[in-house]
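Just follow the structure's listing: the first ligand is 1, and inside any ligand the first atom is 1.
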Amino acid sequence: MTERFDVVIAGGGPSGSAAAWQAVQTGARVVVLDKAVFPRDKPCGDGLTARAVSYLQKIGLADEVAQFHRVNRVTVFSPSRWELSFPKRPGMPDHGHTVSRTLLDTMLLEHAEKAGAVVRQGAEVSEPILDERGRVVGVVLKGGEKVFGDAVIAADGAYSPIKRALKLDSEYNGYSAIAIRSEMDADVADSDSLDIYLKLEFQGDQLPGYGWVFPMGGGRLNIGLGYVNSFKDWQAINATAFLGEFLRTLPPEWKLPSIDELKKNKSVRAWRLPMGFTAWPPWRPGVLFTGDSLGAGKPASGAGISKALESGLAAGECAIAALENGGPDDFTNYAQRMEAAWGKEYRRGRYFHKLAGNPRIANAGIKAIDNTRFRDMLLKSMYKRAEGPLHKVL
Ligand SMILES: Cc1cc2nc3c(=O)[nH]c(=O)nc-3n(C[C@H](O)[C@H](O)[C@H](O)COP(=O)(O)OP(=O)(O)OC[C@H]3O[C@@H](n4cnc5c(N)ncnc54)[C@H](O)[C@@H]3O)c2cc1C
């Protein structure tokens, strides 16, 4: 059996659903293929930045998002304790939210379906179909079924099978973090703060990464940590054991479960988090890459949901515009959009990714951030359009 669509989207996470939602606005025939059956879990910190919230509002989910647990600030332990407010920026809410990915991703996929996309769950893409000139013209599903499209959007996540099958040559390939998380009950009041712990040490060396404690509401916490793979010994780190050690540094009165208990209930999961545009350029003939398959994660923080939404929306729009004005051989319009959005920031991010892998530099970086005056300068340069004070010492 074969089917034909204007746009075939592999992956129904935030970037695939956003791309589908955007593409169907033009009346295009769009199919989203996901190997999972929703609701499905995705290892994540479950934190929505103000930017992520703004995209969810933009696509018509403001009322739903308002129901999620709200966070108004970030508390950083570096190791001194200070607080970062969500900066007031034009067109952006001054707060974030937390929500389980099981809920968020199901909601987004249903939203794309209601808007007109065909959604097929339990449909695993095994490889792209190429024409005689090497252009991607569709995908093969496990079992052999072929689905053809004028454009294919690879929104198939950090381990993108489409990207792997195409053996992409990209000079930025390999920039990544490894992150692990667990969700649990805790004996602590629900807070409105995303807590970040910068002091993470492995065998006496400062790691380029951080630990987090995010409140989910209802007495639940999402606790995890992540570190980038420029650290020389990253492969020697047992992420699960390391998370266990991190849990033991948190207040005993929270009565957190041990890592062994968490492992038993299967909530401990690690995943790759590619960042800094690992698939650059973000397209090849017939195919556009979005979200984690593009390596759209923000190098400075690892925030990936807002980037998945933004790159998905842009890919949905650019794919249709290119198909209407010349065809699927050239999606330069999408590369220009991504470059304008994050090109400069991600160039800087890749540079710091490499530097931070050196424990001495990572240690010096932590000391600098612990210094109030340096921090003030750094934050002002990061949030140029923000109004009001950005941080306060606690
Ligand atoms: C531990 C951890 C914590 C994180 N915390 C945060 C956070 O707090 N805030 C934040 O903003 N970001 C966070 N991130 C990053 C964020 O989770 C990702 O950037 C985001 O999920 C990317 O969305 P996506 O749609 O590109 O990919 P995904 O969400 O991974 O979706 C990809 C989809 O493709 C499907 N798929 C895969 N292979 C196939 C196939 N062969 N055929 C069909 N479908 C397929 C999958 O089933 C999945 O539904 C975290 C990441 C990790 C690992």
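Checked against Arg220 for a salt bridge (charged side-chain N to carboxylate O under 4.0 Å, His left out), the options Asp46, Asp185, Asp190 give a single hit: Asp185.
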Phe202 and Trp234: ring-ring contact (aromatic ring centres under 6.0 Å, His included), yes or no, with the steps? CA-CA 9 Å; Phe202 178 71; Trp234 71 271; over 10 Å; no
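A salt bridge links Asp150 to Arg4: one of the charged nitrogens lies within less than 4.0 Å of a carboxylate oxygen.
A pairwise comparison of heavy atoms in Ser15 and Thr290 identifies OG-OG1, 3.0 Å as the closest pair.
The aromatic rings of Tyr346 and Trp342 sit parallel to each other, their planes meeting at less than 30°, with 60° as the upper class boundary.
Applying the side-chain hydrogen bond (donor to acceptor under 3.5 Å, both in side chains) test to pairs two or more places apart or on separate chains, those with a residue in residues 304-316 are Tyr55-Glu310.
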Give every pair formed by an N or O atom of ligand 1 and a protein N or O atom closer than 3.5 Å, one pair per line with both atom names and the distance to 0.1 Å, or write none.
unit_1	atom_1	unit_2	atom_2	d
ligand 1	5 (N)	Gly45	N	2.7
ligand 1	8 (O)	Asp46	N	3.4
ligand 1	8 (O)	Gly47	N	3.0
ligand 1	9 (N)	Gly47	O	2.9
ligand 1	11 (O)	Gly304	N	3.0
ligand 1	11 (O)	Ile305	N	2.9
ligand 1	12 (N)	Gly304	N	2.9
ligand 1	17 (O)	Lys42	NZ	3.3
ligand 1	17 (O)	Arg101	NH1	3.0
ligand 1	19 (O)	Asp292	OD1	2.7
ligand 1	21 (O)	Arg101	NH1	3.0
ligand 1	21 (O)	Arg101	NH2	2.9
ligand 1	25 (O)	Pro14	N	3.2
ligand 1	25 (O)	Ser15	N	2.9
ligand 1	25 (O)	Ser15	OG	3.1
ligand 1	26 (O)	Ser15	OG	3.2
ligand 1	26 (O)	Asp292	N	2.9
ligand 1	29 (O)	Arg101	NH2	2.9
ligand 1	41 (N)	Val125	O	2.9
ligand 1	42 (N)	Val125	N	2.8
ligand 1	44 (N)	Lys35	N	3.1
ligand 1	47 (O)	Asp34	OD1	2.7
ligand 1	49 (O)	Asp34	OD1	3.4
ligand 1	49 (O)	Asp34	OD2	2.6
ligand 1	49 (O)	Arg40	NE	3.0
ligand 1	49 (O)	Arg40	NH2	2.8

